[in-house]
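Data first, discussion second: the structure below is written as structure tokens.
Residue numbers start from 1 in every chain, and the chains themselves are labelled A, B, ... in the order their sequence lines are given, proteins ahead of strands. Computed from a prediction, not measured in an experiment: that's the story for all the values here.
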Amino acid sequence: MPELPEVEVVRAGLAPAVTGARIAGVTVHDDRALTRHTGTAAEFEGALTGRLMTAAARRGKFLWLPLDGGEDALIGHLGMSGQLLLRAAGSPPERHERIRLDLQHPVHGEVAVVFADQRTFGSLAIDQLILTPDTAAGGHGDARALVPRQVAHIARDPLDPAFDERRFRAALARSRSAIKRVLLDQGIVSGIGNIYADEALWAARIHPETTAERVAARTVTRLLAEVRAVLEKALAEGGTSFDEQYVNVNGEAGYFAHSLNAYGRTGQPCPRCGHAIVRVSFMNRSSHYCPHCQRLR
DNA sequence: GTTTGTTCCTGCTAGC
DNA sequence: TGCTAGCAGGAACAAA
């Protein structure tokens, strides 16, 4: 499940291969990979062919590759199972391959970027770049104050130097939703998914169903610190891989799954107090927490 | 305006 | 062995 660390690993892997590369050809195998694109697959292929990519940028879980001219970008979201893989030119089709870009790079020569996606929740699109309201860089990987229109409503992530902590605190203070739901709301803070929400709440000793407005200011400080710590540690370990659903651009898995304290550890002892981690249904998904050290007050 | 629930999708696994 | 139900979950949208 690609969250911020996994998407950042992919962005960093793509950057050297796509920056300065020209798109020699585009093949759309499955239209469902274009759900965020306005236009047909043929129009998508035609609009990209011949264009030069100038960077690889990311905000939260959204990626984008700005195109020459500075007015638009190829944007991507990996959804649950999307992969962006770097392959040799002419390599055989990947399992669940949806879109292939054939690139001509001035240093690396001919390479292919393959978008593969088992569950088809991910997609690519061409989107217009617009100015950021705060004039800071639109995302990590491109210093310009530009962001794709479809990404403009996404809040900055907690590792972004321009992350607006006051806005985050204000959103919590006026929300009667569960704190976990707020952490998963990409319009309030981006990059956090189910895994890292559970891990950060465990580390901060906060019950996932605690009403956001009832979380004390000093506890929010602790939570933000734990969110950043868990994201940075996962990033350092190459992200979290449970199966083949998340890999970097070379198809390699990350190691953070070995460092999880709560997520996916139902029935196993809490590393802090030894009580069994429980799993409850939450928002059509699962929450994992320690009922002893994450109490609902 | 805010909050909560539904939908999209495929592959794996447990249970019968 | 084969079938079915349940599960995984990001984000947009619908409904309350």
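Within the 4.0 Å cut-off from OP1 or OP2 of B:dG11, at least one side-chain nitrogen or oxygen of A:His96 is found. Between A:Arg32 and the phosphate of B:dT10, there is a side-chain N or O to OP1/OP2 separation shorter than 4.0 Å. Between A:His153 and C:dA11 there is no side-chain N or O to OP1 or OP2 distance below 4.0 Å. Close to B:dG11, at under 4.0 Å from its OP1 or OP2, lies no side-chain N or O of A:Gln118. Look at A:Arg119 and you won't find any side-chain N or O under 4.0 angstrom from OP1 or OP2 of B:dC12. Taking side-chain N and O atoms only, A:His77 has a distance below 4.0 Å to OP1 or OP2 of C:dA11. Taking side-chain N and O atoms only, A:Ser177 has a distance below 4.0 Å to OP1 or OP2 of B:dT4.
Counting heavy-atom neighbours within 6.0 Å of A:Glu71 CD, excluding the residue itself, gives a total of 12 or less.
Per the geometry, CZ belonging to A:Arg285 stands 15 Å off P belonging to B:dT7, to the nearest Å. Whole-Å rounding puts the A:His288 NE2 to C:dC7 C1' distance at 11 Å. One atom, CG of A:Asp117, and another, C1' of B:dC8, lie 12 Å apart when rounded to the nearest Å. Distance, A:Gln150 CD to C:dA11 C1': 12 Å, rounded to whole Å. Rounded to an integer number of Å, the gap from A:Ile188 CD1 to C:dA11 C1' is 14 Å. Taking atom CG of residue A:Leu34 and atom P of nucleotide B:dC8, one finds them 19 Å apart after rounding to whole Å. In this structure, A:Phe282 places its CZ atom 18 Å from C1' of C:dC7, rounding to the nearest Å. In this entry the distance linking CG of A:Asp185 with C1' of B:dG1 reads 14 Å, nearest Å.
No donor-acceptor contact under 3.5 angstrom links the side chains of A:Thr219 and A:Arg214, judged on distance only. A:Arg100 and A:Ser91 form a side-chain donor-acceptor contact under 3.5 Å, judged by distance and modelled atom types alone.
Look at A:Glu237 and A:Lys233 and you find a salt bridge, because one of the NZ, NE, NH1 or NH2 atoms lies within 4.0 Å of a carboxylate O, short of that distance.
Across all strands shown, A:Thr35 has no heavy atoms under 4.0 Å from either base or sugar-phosphate atoms. Counting any heavy atom pair closer than 4.0 Å across all strands shown, A:Arg181 reaches a base atom.
Under a 3.5 Å cut-off, the side chain of A:Arg144 and the backbone N or O of A:Gly138 do not form any donor-acceptor pair.
Pairing for C:dA8 goes to B:dT10, judged as Watson-Crick or G-U wobble with the two contacts each under 3.5 Å.
The side-chain heavy atoms of A:Arg58 and A:Leu4, taken from C-beta on, include a pair separated by under 4.5 Å.
Checked against C:dA8, B:dT3, C:dA11, the side chain of A:Met80 finds its nearest nucleotide in C:dA8. Out of B:dT3, C:dG10, C:dA12, the shortest distance to the side chain of A:Asn194 is found at C:dG10.
Checking A:Ala178 against A:Thr120, the closest nucleotide of DNA chain B that is more toward the 5' end is the one next to A:Ala178.
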